[in-house]
Participant: 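Structure provided below as structure tokens; questions to follow.
On a predicted model such as this, the values are computed, not experimentally measured, just so you know. All chains are named by letter (A, B, ...) in the order of the sequence lines, taking the proteins before the strands, and each is independently numbered beginning at 1.
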2 protein chains.
Amino acid sequence: MKILHIDSGILGEHSVSRRLTSAIVSQLKADRPDAEITYRDLASERVPHLTGAQIMAPADLEGVDAALAADVRIGRQMLEEFLAADTVVVGAPMYNFSIPSQLKAWIDRLAVAGKTFRYTEAGPEGLAKGKKLIVASTRGGHYSVAPASAMDHQETYLRSVFGFFGITDIEFIRAEGLNLGADQKQFAIAEAEKTIAEGNVLKLAS
Amino acid sequence: MKILHIDSGILGEHSVSRRLTSAIVSQLKADRPDAEITYRDLASERVPHLTGAQIMAPADLEGVDAALAADVRIGRQMLEEFLAADTVVVGAPMYNFSIPSQLKAWIDRLAVAGKTFRYTEAGPEGLAKGKKLIVASTRGGHYSVAPASAMDHQETYLRSVFGFFGITDIEFIRAEGLNLGADQKQFAIAEAEKTIAEGNVLKLAS
């Protein structure tokens with residue numbers, strides 16, 4: 001089993017999403033000690049934004065300057081890691097009602113026609129089928145129920161774009177209301193950790 | 001009148017959103033030759049992602065290293081430009097069902113408590129009231145009607161986050177289906193340009 005572990009929270013050791021992805025990956029690893037884990041910290045890497053130059057770069061990178069070639073190669077490597085993974089664990093905090101720009105920049109590198117999707121006469125088809133996606137979703141407020149759910153452009157977005165890539169097994173391990181006081185924060189984290197510890201993640205990834 | 005003109009499309013001269021923001025700003029300027037225009041190209045600037053270090057930096061930047069201080073100052077300048085503007089014109093192409101990561105990174109610099117929003121006992125309150133926001137929205141497919149509208153995390157997101165900042169006057173000048181053949185593309189651009197030329201933008205910004 002290959003696990004891809006992605007973090008995007010910018011608050012380092014204070015990041016709840018990092019704490020949760022770490023717990024999820026530990027559970028997976030305890031169950032499958034042979035699992036091969038690839039880790040990417042999109043916050044410390046400062047994954048570069050997509051550019052026109054990257055998209056237009058020739059496949060063999062001939063004549064392309066060193067900085068652009070390195071940038072294209074990073075994107076290709078991210079895509080390969082994603083395609084190779086059986087289970088993808090993504091830490092996705094909500095920042096300003098959406099995902100971190102770092103995480104969007106990573107997703108923009110995955111969205112490559114012929115790799116993660118293609119257009120057919122019957123419509124678009126996702127090509128990254130059969131993977132499990134586990135998202136550690138953290139948010140300052142409560143966005144699970146209406147009317148606040150209309151402000152959720154984080155989980156809804158991830159479901160849309162990874163669904164477009166063909167991933168139908170998407171589980172959210174959620175801790176929300178994290179900015180609503182220490183008690184609520186502690187409660188939300190404990191609940192999420194309980195969900196992870198109870199083996200739900202293992203059932204999901206089995 | 002102060003106009004803030006923002007582009008985020010990464011395709012340079014091929015960018016339809018740039019073509020539309022340019023037409024919108026030209027109309028506004030023709031009507032109000034005294035308008036003061038501030039322009040930011042988020043794609044060429046490669047606006048940096050939000051980081052924990054920026055958020056945690058002391059207000060007076062004392063003891064902060066030069067790179068981080070420059071980064072914080074860019075964010076503050078972006079926020080000041082936004083707060084000073086009467087009309088904000090944003091070029092917002094849909095990339096992978098959401099906005100460009102560059103545009104998200106800019107929005108993350110605007111979302112500052114006490115500046116664009118605050119929490120009160122009655123709930124959150126937007127502090128950037130009274131502005132007009134005109135979005136040049138471009139997309140490869142058609143996302144205006146169901147079921148495809150469920151994949152729209154671009155216009156819906158912009159409406160949510162700028163609504164949170166207190167902006168209620170939001171107009172979308174839309175060109176969609178741009179990847180569905182040359183005829184459809186030409187038609188969509190012509191329709192959007194007609195909407196702009198007919199003075200709808202002026203009515204909006206008056």
Participant: Look up atom NE2 in His153(B) and atom NZ in Lys104(A), then write down how far apart they are to the nearest 0.5 Å.
Facilitator: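 If we round to the nearest 0.5 Å, His153(B):NE2 and Lys104(A):NZ are 11.0 Å apart.
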Participant: Side chains of His49(A) and Gln102(B): closer than 4.5 Å at any heavy-atom pair?
Facilitator: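 A side-chain contact exists here, since the closest heavy-atom pair is under 4.5 Å.
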Participant: Is atom CZ of Phe187(B) surrounded by more than 12 heavy atoms (other residues, nucleotides or ligands) closer than 6.0 Å?
Facilitator: no
Participant: Search all heavy atoms of Ile10(B) against all heavy atoms of Ile55(A) and return the closest pair with its distance.
Facilitator: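 Answer, listing the atom of Ile10(B) first, then Ile55(A): CD1-CD1, 3.6 Å.
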Participant: Among residues 71-78 of chain B, which ones touch chain A with a heavy-atom distance under 4.5 Å?
Facilitator: Asp71(B)
Participant: Suppose a student defines contact as a heavy atom less than 4.5 Å from any heavy atom of chain A. Which residues in residues 89-97 of chain B would they list?
Facilitator: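 Against chain A, the residues of residues 89-97 of chain B that fall inside the cut-off (heavy atoms, under 4.5 Å) are Tyr95(B), Asn96(B), Phe97(B).
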Participant: Below 4.5 Å from any heavy atom of chain A, which atoms of Thr156(B) appear? Answer side chain, backbone, both or neither.
Facilitator: both
Participant: Enumerate the side-chain hydrogen bond (donor to acceptor under 3.5 Å, both in side chains) contacts for residues 179-189 of chain A, please, sequence neighbours excluded, ordered by first and then second residue.
Facilitator: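 side-chain hydrogen bond (donor to acceptor under 3.5 Å, both in side chains) check on residues 179-189 of chain A returns no pairs.
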Participant: Please list, in residue-number order, every residue in residues 118-131 of chain B that has a heavy atom less than 4.5 Å from any heavy atom of chain A; write 'none' if there are none.
Facilitator: none
Participant: Please lay out, stage by stage, how Val161(B) and Ser98(A) fare under the test side-chain contact (heavy atoms from CB on, under 4.5 Å).
Facilitator: CA-CA 9 Å; Val161(B) 72; Ser98(A) 179; over 6 Å; no
Participant: With chain A as the partner, which of Val47(B), Leu11(B), Leu110(B) has the greatest number of non-hydrogen pairs under 4.5 Å?
Facilitator: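 With the most close heavy-atom pairs to chain A, the winner is Val47(B).
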Participant: Within a radius of less than 6.0 Å around CZ of Arg19(B), do more than 12 heavy atoms belonging to other residues, nucleotides or ligands occur?
Facilitator: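 Open: at most 12 neighbouring heavy atoms sit under 6.0 Å from CZ of Arg19(B).
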Participant: Give, as side chain, backbone, both or neither, the part of Ile99(B) having an atom under 4.5 angstrom from any heavy atom of chain A.
Facilitator: backbone
Participant: What part of Ala53(B) gets within 4.5 angstrom of chain A, counting heavy atoms only: side chain, backbone, both, or neither?
Facilitator: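 Neither part.
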Participant: Looking at chain B, which one of Gly12(A), Gly163(A), Gly52(A) has the largest number of heavy-atom pairs inside 4.5 Å, strictly under?
Facilitator: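 Answer, by heavy-atom pair count under 4.5 Å with chain B: Gly52(A).
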Participant: Please find the pair of heavy atoms, one from Phe164(B) and one from Met151(A), that lie closest to each other, and give the distance.
Facilitator: CB-CE, 4.1 Å
Participant: Where on Leu103(A) is there a heavy atom nearer than 4.5 Å to chain B: the side chain, the backbone, both, or neither?
Facilitator: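 No part of it gets close to chain B.
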Participant: Quick check on Ala105(B) against chain A: is it the side chain, the backbone, both or neither that has a heavy atom closer than 4.5 Å?
Facilitator: both
